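In what follows, every chain begins at residue 1, and chains take the letters A, B, ... in the order their sequences are listed. Note that these values count all heavy atoms, side chains included, but never hydrogens, waters or copies made by symmetry. Keep in mind it's a predicted model, so treat the numbers as computed, not measured.
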Number of protein chains: 2
Amino acid sequence: MTSKFLNLHKEKQQRILNAALNEFANKGFDRASTNEIVKSAGISKGLLFHYFNNKKELYLFLHEYFIEILMKEFFTSEHFAERDVFERLKKIMISKSHLMKKYPEIFDFYMSAYIETSSEIKNELTSSHFDLMARSYSRIFENIDTSKFKEGIDMNKAIDIISWTLEGYGNQVMSGVKGLRNSEADFTREFAEADVYIDMLKRAFYK
Amino acid sequence: MTSKFLNLHKEKQQRILNAALNEFANKGFDRASTNEIVKSAGISKGLLFHYFNNKKELYLFLHEYFIEILMKEFFTSEHFAERDVFERLKKIMISKSHLMKKYPEIFDFYMSAYIETSSEIKNELTSSHFDLMARSYSRIFENIDTSKFKEGIDMNKAIDIISWTLEGYGNQVMSGVKGLRNSEADFTREFAEADVYIDMLKRAFYK
DNA sequence: ATGGAATTGACCAATGTGGTCAATAGGAGA
DNA sequence: TCTCCTATTGACCACATTGGTCAATTCCAT
């Protein structure tokens, strides 16, 4: 049924998908209104249900569609060639911030999907829908250069500390930036301080 | 109007408050149903609206009522006498875990209140409702013993790292414990590993 | 027995829902 | 111009559920 939809003008496709994404993102499945979606997409009710048989199907389509966009953009980046754990995690943090800036609605959508309580949806939203994310997450810590660590250091725990620190710092920065219409920022200024934290931890854990 | 309510049998009070707390916690203001609340509290519709003039008033009452419970329990504990930053933050982390275990619904309620989008409520839920939390949070870092740190260390950043680490570790533990009906746990076993992280950071930042 | 408070639950108007379908518009090919 | 098919419309529907009311009843202390 959705194959018809994909033959539509790209622009109309986008209008529909974005309208739906936003509605679901900030109301969740149950409270999201198909009436609102068609209104803000500028199409008729009938058309929406012509392409998607029902609300649930639309919701699940969005899920698969946008996770692909996000993951493609995230993993074509070359972070994983970098074997120094600090550099890699810093790059990942910055790249994540860029994505959050570029597609905030998608992040909101998955955040709300993660806590979705609607009885209609939570059974369909099998763990497989989140598997991709889980697997992606674990790749972050693969193939790290272990030779740089001091002898006798518990490396896994050191990496925990490093990643919690960069995550904490990243959240702090992002919560400060949130809402700013500062689209030209490439975060170099915002993340300058990250290097201070990194130096402190390098001194502690690296040779 | 709520003064009448406080003269009720404690047990009936609790039934009503808990029913409402749970309903709001996992549905948010709009989707929460007063019908469900009275059903699960075992009272009639009329009685609920006899004590609380309307849904909004009930919601705001819950807000003030439970934050007090939480804060009282949290701040009568003596964490703030401890001036060693590691000990203090570890105590706080454990105490927070206990509270999350003891009152998970209250945490869920405030989590959902924090992201509440209902137009009816978000204007009433002024920042003042969260001020208490913010002020409490800042107390966590007051009056720390600074004499233990190495010379030349950026102490604020070191404290950031320590607190992000303990927070990260605490979240990891709690997400593993979540849902377990393990009421006798006092977390000493779960948090044993915390000392390893603490030692690593002490070696880095303390004299 | 009396009076006042606590409590009930049937009832209501209102709103908004997801989804349908007969009707129309648009445009490509003849 | 006519045909035919698809894209698109939006009025319409049955239904569920909502927050809130209120006259009636139960309870109980005096």
Side-chain angles (χ1 to χ4, degrees), chain A residues 1-17 19-24 26-63 116-124, chain B residues 1-17 19-24 26-63 116-124:
Chain A
M1 310 294 160
T2 55
S3 56
K4 278 184 288 176
F5 175 73
L6 295 170
N7 294 342
L8 226 50
H9 312 141
K10 293 292 167 212
E11 186 256 340
K12 188 174 269 187
Q13 265 187 53
Q14 287 311 315
R15 260 172 32 224
I16 297 173
L17 292 177
L21 183 75
N22 279 317
E23 181 72 3
F24 282 123
N26 55 50
K27 302 219 196 135
F29 184 78
D30 279 338
R31 275 170 67 215
S33 159
T34 53
N35 292 323
E36 287 300 315
I37 292 172
V38 300
K39 196 196 297 177
S40 94
I43 61 167
S44 69
K45 193 86 168 282
L47 192 59
L48 182 69
F49 284 97
H50 176 65
Y51 288 120
F52 302 95
N53 292 318
N54 52 50
K55 196 184 179 185
K56 194 199 289 189
E57 193 177 306
L58 169 61
Y59 185 85
L60 294 175
F61 179 83
L62 288 179
H63 223 274
E116 183 59 65
T117 59
S118 164
S119 53
E120 247 191 287
I121 228 59
K122 72 177 165 205
N123 295 325
E124 305 283 335
Chain B
M1 308 293 160
T2 55
S3 56
K4 278 185 286 174
F5 176 73
L6 295 170
N7 293 343
L8 227 49
H9 312 141
K10 293 291 167 213
E11 186 257 341
K12 188 175 271 189
Q13 264 186 54
Q14 286 311 314
R15 261 174 28 225
I16 297 174
L17 291 177
L21 183 75
N22 279 317
E23 180 72 3
F24 283 123
N26 54 50
K27 302 219 196 135
F29 184 78
D30 280 338
R31 275 170 67 217
S33 159
T34 53
N35 292 323
E36 287 300 315
I37 292 173
V38 299
K39 196 196 298 176
S40 94
I43 61 167
S44 69
K45 193 85 166 284
L47 193 59
L48 183 68
F49 284 97
H50 176 65
Y51 288 120
F52 302 95
N53 292 317
N54 53 50
K55 196 184 178 183
K56 194 198 290 189
E57 192 176 309
L58 169 61
Y59 186 85
L60 295 174
F61 180 82
L62 288 179
H63 223 275
E116 184 57 62
T117 59
S118 164
S119 53
E120 247 192 287
I121 229 60
K122 72 178 164 202
N123 295 324
E124 305 283 333

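- Look at NE2 on A:His50: it is 16 Å from P on C:dA22, rounded to the nearest Å.
- Remark: C1' of C:dT17 and CD of A:Glu120 are 11 Å apart, rounded to the nearest angstrom.
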Evaluate side-chain contact (heavy atoms from CB on, under 4.5 Å) for B:Phe24 paired with B:Glu116, printing each intermediate quantity in order.
CA-CA 10 Å; B:Phe24 283 123; B:Glu116 184 57 62; over 6 Å; no

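- When rounded to the nearest whole Å, the span between CZ of B:Phe49 and P of C:dC12 equals 18 Å.
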Go through the steps for A:Ile43 and A:Arg15 under the test side-chain contact (heavy atoms from CB on, under 4.5 Å), then give the verdict.
CA-CA 9 Å; A:Ile43 61 167; A:Arg15 260 172 32 224; 3.9 Å; yes

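- When rounded to the nearest whole Å, the span between CG of A:Leu47 and P of D:dG10 equals 11 Å.
- Rounded to an integer number of Å, the gap from B:Lys55 NZ to D:dG20 C1' is 12 Å.
- One interatomic measurement links the two molecules: CZ of B:Arg31 to C1' of D:dA16, which rounds to 15 Å at whole-angstrom precision.
- The aromatic rings of B:Tyr59 and B:Phe29 stand perpendicular to each other, their planes meeting at an angle above 60°, with 30° marking the opposite boundary.
- Residue B:Lys45 is classed as a base contact, given a heavy-atom separation below 4.0 Å to a base.
- Nucleotide C:dT17 holds its P atom 19 Å from the NZ atom of A:Lys56, rounded to whole Å.
- The side chain of B:Asn35 places an N or O atom within less than 4.0 Å of a non-bridging phosphate oxygen (OP1 or OP2) of D:dT18.
- Within the structure, every side-chain polar atom (N or O) of A:Ser44 is placed at least 4.0 Å from both OP1 and OP2 of D:dG10.
- In this structure, CG of A:Asp30 is placed 13 Å from C1' of D:dT17, rounded to the nearest angstrom.
- The structure places NZ of A:Lys27 at 5.0 Å from CD of A:Glu36, a figure rounded to the nearest 0.5 Å.
- The shortest distance between the side-chain N/O atoms of A:Lys12 and the OP1/OP2 oxygens of D:dT8 is below 4.0 Å.
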